[in-house]
A.B. asks: 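Sharing a structure with you now.
Below, chain A is the first sequence line, B the second, and so on; all start at residue 1.
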There are 2 protein chains.
Amino acid sequence: MDAIDVITTKRDGRELSREQIDWMIDAYTRGAVAEEQMAALAMAVLLNGMDRREIADWTRAMIASGERMDWSGLDRPTADKHSTGGVGDKITLPLAPLAAACGAAVPQLSGRGLGHTGGTLDKLESIPGWRASLSGTEMLGVLRDAGAVVCAAGSGLAPADRKLYALRDVTGTVESIPLIASSIMSKKIAEGTGSLVLDVKVGSGAFMKTVERARELARTMVELGTDAGVRTVALLTAMDRPLGLAVGNALEVAESVEVLAGGGPSDVVELTVRLAREMLAAAGITGGKDPEDALKDGSAMDTWRRMITAQGGDLDAPLPRAAETHTVLAPASGVLSHLDAYAVGVAAWRLGAGRARKEDPVSFGAGIVLHAKPGDVVQEGTPLMTLHTDDPSRFPRAQDSLSDAYTIGPAPALLPLIIDRLTP
Amino acid sequence: MDAIDVITTKRDGRELSREQIDWMIDAYTRGAVAEEQMAALAMAVLLNGMDRREIADWTRAMIASGERMDWSGLDRPTADKHSTGGVGDKITLPLAPLAAACGAAVPQLSGRGLGHTGGTLDKLESIPGWRASLSGTEMLGVLRDAGAVVCAAGSGLAPADRKLYALRDVTGTVESIPLIASSIMSKKIAEGTGSLVLDVKVGSGAFMKTVERARELARTMVELGTDAGVRTVALLTAMDRPLGLAVGNALEVAESVEVLAGGGPSDVVELTVRLAREMLAAAGITGGKDPEDALKDGSAMDTWRRMITAQGGDLDAPLPRAAETHTVLAPASGVLSHLDAYAVGVAAWRLGAGRARKEDPVSFGAGIVLHAKPGDVVQEGTPLMTLHTDDPSRFPRAQDSLSDAYTIGPAPALLPLIIDRLTP
């Protein structure tokens, strides 16, 4: 077998055999297949597709390229959540301790942000002292002690995916449902969770712009999880407007803490509670504490404090704040009918909250706080949103991104917060 | 502009602008676009195509990546021939001196073989002392003195094509008509010839297996040449069976010398004469000596001797001969109705006449001599072909390739030697 055989098979619209996929992923991981060869195959896969059997084999081969974690020694069932990413999507922060407070063990390996969507690790790193990298033993310790752990994936987990993800990023081969689904699911299956709830975002601020594409991705991932023995369910949720009122690393941590304290924006609370219930149901945990109660009685907050403190986070230290702010005022009175998630995400990114290249640092304090959400009545001249940055020369380009981002008056209907639910 | 913009434009089925093509080819040549990025673009081009304007821009950008030769100081019009390659295709060897003997100047930059088709430089290098690499001044000297020169292209000519050709070879992106046509024509246009005759081979031993594909390639190349101001004409010619009786480097030189001496196999003579007449017509040379006469009166042979001697070739030294031979006998009596070009090409390659990787050496004496061609009557037990190699352990694999290569008795009709002619 050689790389050219595998590439030309898919190029010519034929199915890849299990042997071809195993050989290609293994040889690529070892460096025996060159980056340019995998790039040509990735483009052929993007344009000619893969069927369910091929995607399952591809995912299995990526898992087999590294280790697979095992939490069978724990006394609780494991459950995890994965979001395809959006603007203001800080849900993991309140959700992981909430699900743990209700009886699940949550072993979440997470990532950093790239482009207009943030990354969970960037958000948590805005807490002074918190560190993302844990050994396997440390990870197990936090999980046993707090019930939940959020940390960086080690390099031993699905190394083929790590290499392929970086390659797709520079070769225009990101937007392939088979490649997206297998990338996400290879990491989540290798992570060893027994059940998984997928939050597939839909809308301008999401990777999937339409409900149809999001449903196809969700269906593909649910099939992959199920085939690998992971109890998997997916929600399609709205990302046409930002989630919550805060966009940016430390700003989102502050909002998450509000939610854990029993307050916070209603959409963040609703989605957090719904996802927690889905995780508990998928893990087979019934008759325990309801997530709504765990937010009210302080038990989710207690779990959060244990989880963050165990990784060095100092919750008594103040969160980083940006040096400069600029307030955008409502240009008219009326109903704020539209506030575009993508435009807000790009503005926050330009203020310093995100990175353009994976080696760039992020500014923890930078971002945007919204003072109104779609549906709210606003008065001309009152604050609509506040931009935060350490570098005021960034304001003009951030404002450019926002110039057509909102409408006061009639506008297209918003997506419902929870659009659909997919099960095996 | 960045590489991902260019890749995703073609990936999504849109036209590349002239600016995108110029930027991409230039950045790739300089190393600012990575191999994996060009591989992804090449696969997108292969699957989504390019239109006439895009192919012309692509070719022009590849020419602009290097120098363009200029023969305007010569006192004769320039004409060249390019073949897309086949089994036993030694036509350049008699043709270049023949066209020169009839009044054209022939500045031919040629290549080495890879896979089952041979390369003109490999064939000429089997002549003791002959060297392929000339400086520009040496090339002009041979051209002035002999009227024809065949040598290796310098690294300054279409360096983008050189890089892209090597990349396509390992990424399954060879079989794209826009990429094949622009690769060939960028080199031929940069070579500076005023007129060009294309010999597009069709059949099992050729790159284009069907007349339709060959016609599309021929039409694309004729358009490219014409648009660049080169008088271009194309013939489609048969490559379902080998051309001539000799396949292999020194074996083909010997057959070429027979043709120049007024003998040789009829198909080689017919095609050589026809291509010479096309070159003269394209160059606007009328009323001079006819190629058939130049073969008979020894003037083509005189030109050959001057041309080879000027590059160090010793025509009095014996040509290399392989150490071992094996004769394949006819298994029955009857008409040899079919003799597959590809199978013969692979057998010659396995005997050592060709190379698997571009850094491999070739065996000059290895190859196959046919004793019968399709249409000939053969007697059971008489020689059908003789295999030549330096390494007798190669015989079994060569014979494997030949096991289904010929038919004695009824078989599909052969292609006519000259199938079609395309003009602007």
A.B. asks: In terms of heavy-atom pairs under 4.5 Å with chain A, which of B:A3, B:A44, B:G13 leads?
C.D. replies: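 Looking at each option in turn, the highest pair count goes to B:A44.
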A.B. asks: Looking at A:E36 and B:L167, would you say the former's side chain and the latter's main chain have a donor-acceptor pair under 3.5 Å?
C.D. replies: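 No.
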A.B. asks: Side chains of A:T173 and B:R11: does their closest heavy-atom pair fall under 4.5 Å?
C.D. replies: no
A.B. asks: Check A:T8 against B:G172 and note the closest heavy-atom contact, atom names and distance.
C.D. replies: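 Distance-wise, the nearest heavy atoms are CG2-CA, 3.9 Å.
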A.B. asks: Show me the side-chain donor-acceptor pairs of residues 153-160 of chain B shorter than 3.5 Å, one per line, residues at least two apart or across chains.
C.D. replies:
none

A.B. asks: Crowded around B:Y342 OH? As in, over 12 foreign heavy atoms under 6.0 Å?
C.D. replies: no
A.B. asks: Which of residues 47-61 of chain A have a heavy atom under 4.5 Å from any heavy atom of chain B?
C.D. replies: A:L47, A:N48
A.B. asks: Could you check whether atom CG of B:D404 has more than 12 heavy atoms from other residues, nucleotides or ligands sitting under 6.0 Å from it?
C.D. replies: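 Count not over threshold, so no.
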A.B. asks: Heavy-atom pairs under 4.5 Å with chain A: which of B:A39, B:A40, B:A34 has the most?
C.D. replies: B:A40
A.B. asks: Minimum heavy-atom separation for B:I7 and A:M43, please, with both atom names.
C.D. replies: CG2-CE, 3.4 Å
A.B. asks: Looking only at non-hydrogen atoms, find the nearest pair between A:D169 and B:I4 and report the distance.
C.D. replies: O-CD1, 3.1 Å
